[in-house]
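The chain is numbered in sequence order, starting from 1. Note that the structure is a prediction, hence the values are computed from the model and not measured.
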Amino acid sequence: MSSFDLSHLPEPLLEFAANGRHIDVRFGLMHYGPVDFSTARTKEIHLGVVGSSQTVGKLGDWLRRCESGIPAKNSRQPNLFPEFPGSTILGPFRCSFEVGPRHVRTLSQSVISRIVSEKDDDKAVSLAVEVFTNEVKVLAEQDQPPQVVICALPVEIIERVSNMRTQPSGRRPGGRSCRREGARGRAGDRPGDR
């Protein structure tokens, strides 16, 4: 019989602004701010967005909602769902997030339909990646490009990928084909086989 030593390494304290330290990134940011915070630096982060007109609009709504803060969730574990104080210069990130009209790339419905209607799963994924990559490149090549680009995937593309007919390898463990024959699989399939 072999023996071995077991030891537990405690989580390290994370570093934040003003030499603040905390084990939880959420509380560290709320109490101290980002480690590289400086009043001489940018207080506005310019975001770029690529998506459908619907997802671009919904992202804008979500960003505005986050500005005013989100209350804590009622829970017996208050540290699990703390309040979010808001994404303004006074919030944990010590900056605001701005999406200007020139930093928005809206995918046409015909492009989305082409991706979603592609029968071959690998081709559908490749086409989606190519479309988003090209749009991000357009944003990156602007005179004043955004500092961060968010890909707000259209719901149709998310559903297409989550309903893929094959695994990337095209085979299931054990050599069987992984073609789906309905949302729940074939009769007799165990959940782990799907």
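Here Leu80 sits in one hydrophobic cluster together with Phe81; the rule is ILVMFWY side chains under 4.5 Å apart, joined directly or through other members. Clustering of Ile, Leu, Val, Met, Phe, Trp and Tyr side chains at separations under 4.5 Å places Leu13 together with Ile23. Here Met30 sits in one hydrophobic cluster together with Phe27; the rule is ILVMFWY side chains under 4.5 Å apart, joined directly or through other members. Grouping Ile, Leu, Val, Met, Phe, Trp and Tyr by side-chain contacts under 4.5 Å, direct or through others, leaves Val35 on its own.
When the salt bridge (Lys or Arg N to Asp or Glu O under 4.0 Å) test is applied to Glu15, the partners found at least two apart in sequence or on another chain are Arg21. Gln142 is linked by a side chain to side chain donor-acceptor pair (under 3.5 Å) to His103, counting only residues two or more places apart in sequence or in another chain. By the side chain to side chain donor-acceptor pair (under 3.5 Å) test, Thr106 pairs with no residue at all, sequence neighbours left out. Applying the salt bridge (Lys or Arg N to Asp or Glu O under 4.0 Å) rule to Asp143 yields no partners; only residues at least two apart in sequence or on another chain are considered. Among residues two or more places apart in sequence or in another chain, the side chain to side chain donor-acceptor pair (under 3.5 Å) test is passed with Arg26 by Asp24. Listed by chain and residue number, Thr55 satisfy the side chain to side chain donor-acceptor pair (under 3.5 Å) test with Ser52 (two or more places apart in sequence, or in another chain). For Arg102, there are no salt bridge (Lys or Arg N to Asp or Glu O under 4.0 Å) partners at least two apart in sequence or on another chain.
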Show me the donor-acceptor pairs within less than 3.5 Å that the side chains of residues 125-141 make with the rest of the protein, sequence neighbours left out.
| residue | atom | partner | partner atom | Å |
| --- | --- | --- | --- | --- |
| Ser126 | OG | Asp122 | O | 3.0 |
| Thr133 | OG1 | Val129 | O | 2.7 |
| Asn134 | ND2 | Glu130 | O | 3.3 |
| Glu135 | OE1 | Arg105 | NE | 2.5 |
| Glu135 | OE1 | Arg105 | NH2 | 2.9 |

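Salt bridge present: Arg64 and Asp61 bring a charged side-chain N and a carboxylate O closer than 4.0 Å.
Put simply, the side chain of Leu63 reaches to within 4.5 Å of the side chain of Leu47, judged on heavy atoms.
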